[in-house]
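As structure tokens, the structure follows; a few thoughts come after it.
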Amino acid sequence: MKRWLKISLKIVSVLVILVILTWLAGAFYISRNKKEVLASILSQLNKNLNGKITATSMEPTLLKSFPGVSVSLNGVLLRDSLWAQHKHDLLKAQDIDVSLNVLSLIVGNINIKQIAINNADIYIYTDTTGYSNTSIFKSKPKTEKKSSAKSSALEIKKIDFNKVNLVLDNKKRFKLFNFNIDQIQGRMEYPDSGWTGKIKLSTKVNSFAFNTRKGSFLKDKTLAGTLNAHYSRDMDAVILSPEILNIGGHPFKIGAKIDLGKSAFAISIAVDDILFRDVAMLLSPNISSKLLKFGIEKPINIRGNIIDDGSGKYGDPLIKVGITVRDNVVSIPAGQLTACNFDGSFTNRDTVGGIIGDENSSIKFHKLTAKYFNAPLKIDTFTVNNLSRPIATGLVTSQFPLSNLNNSLGTNDFEFKNGTANLRLYCQADIDNFRFTKPVVSGKIQIADADILYIPRKLHLVKSALNINFNQNDLSIQNGHFQLGKSELNVSCSIANFANLYYTAPEKILVNLKMSSPQLYLKEFLPFLGPRTAKKAKTSGNKKVVSKELSNVLEVSKMNIRLTVNKAIYDNFLAKNLDADISLRGGGIFFNKISVAHAGGQLSLDGNIMQEAASNSFKINSKISHVSVKDFFYSFDNFGQNTITNKNLKGYLSSLVNISGRISHTGKILPRSISGKVVFNLNNAALVNFDPMVKVGKFAFANRNLSNVEIKNLDGTLNIKGDKVEISPMQVNSSALNFNVKGTYALGAGTNVAMDIPLRNPKGDENLTKAEKREARMRGIVLHLKAVDDEKGGIKIRWNKDHD
């Protein structure tokens, strides 16, 4: 063996033996002087304390820190001088392992190298006056020299916490931080500037509340990672360099600065590729409950800062958060944004120098692009201010083919085939429970060349175009043009307070609609008579809410229609110069006033049609002035009966009609459903081939022409009750005979019509005066007949034995 190697081995051996002898000496000293060593340790620990640390006993644990020596302090209590008032132990530990420097121990000066705290509770308490039990730690006098400071300071090289409950309870600032620390391990260095440390931690968060009145952040989440900390004596601040900290299973990059003098802090947070829901669940309930009303499908990137200046002026710390969303799906209470991109930001102090809180909070979305119900949207800046009473503002622009909306509204009410929409709207709206209310909208929507099928009413509109203008809460439509089959409509309308009522009271929406047309085929509008036949679409969540909302607004809103038409056609009905005032309200169509030129005369009416499941009920009040009775009966399909038809009538009719009945969803009057009263006047009329009259002629007047009975003037009243027509006593003066008639004429069984017919031929009285005619009318032989039902369902004539 070489000489230098032998010398080296001897030196190492001597050093090892020296270390062992020193360790044995320290161990022997501790074993023989437990009380003195415990007193010395407690004296060293109490040196800079404004209070007292005590321990019930001490036991040496010799092998734990070889080549140093260590002791275990049992039943350790650390209390400040005012413990008797607040009753919160700053430290209560079952055992604390203290590692000592052997040489300092031998020379009589205790130098603590390491402290391990096990199974302990640390409670840092601040009362409502601002007093804290951390005042137990004395500040060093500023006049103290560095050398003395360094020699007297408690400089622990290593710390090790195991199973420690740490609570920071600030009653004055309503803050509560509560941690179940599984383990904290750290190595400390003490340069002249302060100290530095590398700390590895694993803990569970019970509470991380900056304001206990609003709840805790990070509730029941685990934290694990390594922190690099530095204490600056000059700044009296702890600085945590940005490091990765695992929170709730996701890596966050966190840095911080804690100003111990001002009790202030600033925390920076950065996280990438994290789900929005996971972020929301890390926040306090007052925030997470609001955020969870929204959804972001794919992971996002977040940057944030939490700053507290220590003043406690506003209670909450200043929060600034930035979020980056790319090609994502965002769910909002009013629907869903797909292919969504934006840069978002949040702050609870939007006005520089202003208060911190909801009143001064702001959420901003920059350069937002997305598809809303497949309609592309573009918003340069969208802002939500004042979260205590949120107000949203933004300019929304979009241009898209209407077919993009098919199957995207969450309802099958509409089908779009052609057409384009161009949208530019500035919106401002209150947000109540994260739904837009009291919106103020300005701008316009232009729809061109649209082909729209409204499925609930089976209405197919083609070549449609309109300009929708929003003037804050009001809405108007200009230059509207629609074609429904062969019918053409030019439309304009106004809706006062539409944007507000849409959300709050759609049943109060009143649409004032003006329509004009060169020609209308009324049969093409019959779908309005039938019930809605919308197919139920399978929708979920927000889309279902929006589709139901839209469909409900269309059905419950009210509409006043002013309609002018050059020519209106319905089957046999032809009218000119139609002027109508119509209202649509709920399940009813109300004819407030309609006037029309028809059958050579004038017709006016009012009434309503109430929509019901099987068929519709109607009520009509009508005034008919000098219309061709033949054309009138023809136009209205003989009013659902076939006894007296247009083929039996000639002349001109004036009438007051007050009737009710039922009409089918296809526009047909249901037989025997009509009831009401008809007061009429026939002028220059004729009854042609009317079967009861012809039968009377065969029975008693074979030499007279009763197949064409001319009537110069006839006034009468008919009371209609289902399948029966009650004929009020009526005098008929005609070319063939005069007679009086009254009774009941039935469309089915129940006919009982009494007729008193003088045999005098009216031809013989033509030269008499009116008075003489009235006097001679019933002279001579008078036949008293009765028309009743026969066995075959027809009518037979017999003598009326019970005549007056």
Side-chain angles (χ1 to χ4, degrees), residues 573 575 590-609 617-663 669-688 690 692-693 709-734 738-747 750-756 770 774 777 787 804:
F573 179 82
F590 298 85
F591 307 108
N592 304 316
K593 183 179 180 181
I594 298 177
S595 63
V596 63
H598 170 64
Q602 196 73 20
L603 185 151
S604 63
L605 65 86
D606 61 75
N608 62 67
I609 296 176
S617 63
F618 72 86
K619 291 182 179 179
I620 295 294
N621 299 310
S622 177
K623 181 179 181 181
I624 303 166
S625 302
H626 199 69
V627 300
S628 167
V629 67
K630 179 181 179 70
D631 295 337
F632 185 71
F633 268 63
Y634 175 75
S635 296
F636 287 93
D637 196 23
N638 296 305
F639 299 95
Q641 53 82 40
N642 57 11
T643 302
I644 301 178
T645 71
N646 61 292
K647 295 179 180 180
N648 303 125
L649 299 170
K650 290 181 181 180
Y652 296 93
L653 171 69
S654 294
S655 177
L656 294 176
V657 179
N658 186 347
I659 60 172
S660 62
R662 305 199 69 83
I663 185 171
I669 295 176
L670 300 185
R672 305 177 184 180
S673 69
I674 296 177
S675 63
K677 184 177 182 180
V678 178
V679 179
F680 66 90
N681 170 263
L682 281 173
N683 185 257
N684 294 325
L687 193 59
V688 181
F690 180 50
M693 190 64 72
V709 180
E710 297 177 353
I711 303 172
K712 293 294 182 180
N713 189 74
L714 175 64
D715 294 314
T717 299
L718 305 178
N719 290 292
I720 306 172
K721 297 181 180 179
D723 64 345
K724 294 180 174 62
V725 179
E726 293 182 358
I727 305 170
S728 297
M730 183 168 53
Q731 289 187 354
V732 181
N733 300 314
S734 70
N738 298 325
F739 61 90
N740 297 339
V741 62
K742 66 178 181 178
T744 300
Y745 178 79
L747 301 178
T751 295
N752 187 354
V753 179
M755 294 176 287
D756 299 320
K770 289 183 179 181
R774 285 196 298 270
R777 186 172 181 275
D804 294 335

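Note: hydrogens, waters and symmetry copies are ignored here, and every other heavy atom, side chains too, is used.
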(request) Just jot down the side-chain contact (heavy atoms from CB on, under 4.5 Å) partners of Ser635, sequence neighbours excluded, or say none. (result) Phe573, His598

(request) Report yes if some heavy atom in the side chain of Ile594 is under 4.5 Å from a heavy atom in the side chain of Asp606; otherwise report no. (result) no

(request) Flag the pair Leu653 / Phe680 as yes when at least one side-chain heavy-atom distance between them is below 4.5 Å, and no otherwise. (result) yes

(message) Run Val688 and Leu649 through side-chain contact (heavy atoms from CB on, under 4.5 Å) and show every step you take.
(response) CA-CA 6 Å; Val688 181; Leu649 299 170; over 6 Å; no

(message) Treating Ser655 as the side-chain partner and Val679 as the backbone partner, does any N or O pair qualify as donor plus acceptor under 3.5 Å?
(response) yes

(request) For Ser625 and Ser654, test the side chains for any donor-to-acceptor distance below 3.5 angstrom and give the result as yes or no. (result) no

(request) Please name all residues satisfying side chain to side chain donor-acceptor pair (under 3.5 Å) with Tyr652, sequence neighbours left out, ordered by chain then number. (result) none

(request) Check whether any side-chain heavy atom of Leu682 lies under 4.5 Å from a side-chain heavy atom of Val629, and answer yes or no. (result) yes

(message) Just verifying a value: how many Å separate Thr744 OG1 and Asn752 CG, rounded to the nearest 0.5 Å?
(response) 6.5 Å

(message) Test of understanding: with salt bridge (Lys or Arg N to Asp or Glu O under 4.0 Å), list the residues that count as partners of Arg777, not counting sequence neighbours.
(response) none

(request) State which residues pass side chain to side chain donor-acceptor pair (under 3.5 Å) with Ser734; sequence neighbours excluded, sorted by chain then number. (result) none

(message) Quick check: do Glu710 and Asn684 have side-chain heavy atoms less than 4.5 Å from each other?
(response) no

(request) Decide yes or no on side-chain contact (heavy atoms from CB on, under 4.5 Å) for Lys742 and Ser728, but give the supporting numbers first. (result) CA-CA 5 Å; Lys742 66 178 181 178; Ser728 297; over 6 Å; no

(request) Can you tell me which residue pairs pass the salt bridge (Lys or Arg N to Asp or Glu O under 4.0 Å) test with a partner in residues 619-632, sequence neighbours excluded? (result) none

(request) Could you pull out all residues at least two apart from Asn719 that satisfy side chain to side chain donor-acceptor pair (under 3.5 Å)? (result) none

(request) Quick one: closest heavy-atom pair of Ile644 and Asn638, and the distance? (result) O-OD1, 4.2 Å

(request) Using modelled atom types only, decide if a donor and an acceptor are shared between the side chain of Thr751 and the backbone of Ala746 within a distance under 3.5 Å. (result) yes

Which donor-acceptor pairs under 3.5 Å do side chains of residues 720-727 form with protein atoms, sequence neighbours excluded?
none

(request) Go through the structure and list residues passing side chain to side chain donor-acceptor pair (under 3.5 Å) with Ser604, not counting sequence neighbours. (result) none

(request) For Phe591, look at atom CZ and say whether over 12 heavy atoms of other residues, nucleotides or ligands are found less than 6.0 Å away. (result) yes

(message) If you define the side chain from C-beta out and look only at heavy atoms, does anything of Leu603 sit under 4.5 Å from Phe632?
(response) yes

(request) For Arg662 and Ser617, work out which heavy atoms get closest and say how close. (result) NH1-CB, 3.7 Å

(request) For Asp715, enumerate each residue passing the side-chain contact (heavy atoms from CB on, under 4.5 Å) test, keeping only those at least two apart in sequence or located in another chain. (result) Asn681, Asn713

(message) Less than 4.5 Å apart, side chain to side chain, heavy atoms only: is that true for Lys677 and Thr717?
(response) yes

(request) Kindly write out the residues that satisfy side-chain contact (heavy atoms from CB on, under 4.5 Å) with Ala787, not counting sequence neighbours, or none if the list is empty. (result) Val753, Met755, Ile795, Ile797

(request) Measure the spacing between CG of Asn733 and CG of Asn738 and express it to the nearest 0.5 Å. (result) 4.5 Å

(request) Can you sort out the partners of Lys647 under side-chain contact (heavy atoms from CB on, under 4.5 Å), two or more places apart, ordered by chain and number? (result) Thr645

(request) Flag the pair Asp756 / Phe739 as yes when at least one side-chain heavy-atom distance between them is below 4.5 Å, and no otherwise. (result) no

(request) Indicate yes or no for a side-chain donor-acceptor contact from Asn621 to the backbone of Leu605 under 3.5 Å, with no hydrogens or angles considered. (result) no

(request) Supply the atom-to-atom distance Tyr634 OH to Asn646 CG, rounded to the nearest 0.5 angstrom. (result) 7.5 Å

